[in-house]
Amino acid sequence: MPPISLLRAKDDAAKYGLDPEVLLKLKEKAMGARGVAYCPYSSFRVGCALLTADGDGTIITGANVECASTPVGICAERCALGKAKTEGYDKFAALAVATDISPPASPCGMCRQFIREFCDLNMPIFMYDKDGSCVVRTLEELLPMSFGPDDLKRGEVREEL
Ligand SMILES: O=c1ccn([C@H]2C[C@H](O)[C@@H](CO)O2)c(=O)[nH]1
Ligand SMILES: [Zn+2]
């Protein structure tokens, strides 16, 4: 009998067209990335793992990095996306975020908009709690009726008329 985590990963993975083993790896990486968070001000560790879809399914991780001037810090999700983009990745299949609370935290509003810049609206976002239990939503479910790069292009067309 496979462990519960694999059974659950199979359901979640099937729903979003992902390999369950890859999803488990993504979860491990997101939970592990909490360990490198720099969060001396909040002590709130966040880890993120981004599954790339450009080639061999590389996983890019990130964690929150805070700053004495507190608004200057960056969330784990934007850290991971910034790393991925600047390492040449342009397509993403899933994002996982892990915190030490339960139920799990979800990406903040600023991160939802940042994810919207680079990812499809139907991309799943897996949110893990301290024990590894998961809540999953698509980007569109977390950010309905969103504004994105295509909307700016529509603005350009209007000006030409
Ligand atoms: O989804 C989230 C929510 C919060 N944080 C960070 C920002 C800050 O460093 C700390 C407390 O808000 O957690 C993230 O990285 N991602
Ligand atoms: Zn954020």
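When a ligand or atom number is given, it counts from 1 through the structure's own listing order.
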field: CA sep, side-chain torsions, deciding dist, call: Phe44, Asp100, side-chain contact (heavy atoms from CB on, under 4.5 Å)
entry: CA-CA 8 Å; Phe44 191 82; Asp100 290 326; over 6 Å; no
- prompt: Taking the Zn ion (ligand 2) as the vertex, how big is the angle to SG in Cys108 and SG in Cys75, rounded to 10°?
  reply: 120°
Starting from [atom], what is the nearest protein heavy atom, named by residue and atom, and what distance separates them?
atom                    : result
atom 10 (C) of ligand 1 : Glu66 OE2, 3.5 Å
atom 2 (C) of ligand 1  : Glu77 OE2, 3.5 Å
atom 7 (C) of ligand 1  : Cys75 SG, 3.9 Å
atom 12 (O) of ligand 1 : Phe44 CD2, 4.6 Å

query: Can a non-hydrogen atom of Ala37 be found less than 4.0 Å from any atom of ligand 1?
result: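 Heavy atoms of Ala37 never come under 4.0 Å of ligand 1.
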message: If the contact criterion is a heavy-atom separation under 4.0 Å, does Gly73 count as touching ligand 1?
response: no
task: Let me see the working for Lys153 and Asp150 under salt bridge (Lys or Arg N to Asp or Glu O under 4.0 Å), right down to the final yes or no.
output: CA-CA 5 Å; Lys153 288 192 197 120; Asp150 291 349; 3.6 Å; yes
- request: Salt-bridge test for Lys91 and Asp120: reply yes if a basic N is under 4.0 Å from a carboxylate O, no otherwise.
  value: no
Please determine, by modelled atom types, if [X] and [Y] share a side-chain donor-acceptor pair under 3.5 angstrom.
X      : Y      : answer
Arg137 : Ser106 : no
Thr58  : Asp56  : yes
Ser146 : Gln113 : no

message: Do Leu51 and Leu95 have side chains that approach each other closer than 4.5 Å (heavy atoms only, starting at C-beta)?
response: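 SC-SC contact between Leu51 and Leu95 ruled out.
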task: Output, in order, the C-alpha distance, side-chain angles, deciding distance and verdict of salt bridge (Lys or Arg N to Asp or Glu O under 4.0 Å) for Asp19 and Lys25.
output: CA-CA 10 Å; Asp19 178 334; Lys25 190 86 211 160; over 6 Å; no
I need the atoms of ligand 1 closer than 4.0 Å to a non-hydrogen atom of [X], numbered in the order shown.
X      : answer
Ser106 : 1 (O)
Val46  : 5 (N), 6 (C), 13 (O), 14 (C), 15 (O), 16 (N)
Ala76  : 14 (C), 15 (O)

- prompt: What part of Ala105, side chain from CB on, backbone N/CA/C/O, both or neither, has a heavy atom under 4.0 Å from ligand 1?
  reply: neither
query: Protein heavy atom under 4.0 angstrom of atom 5 (N) of ligand 1, is there one?
result: yes
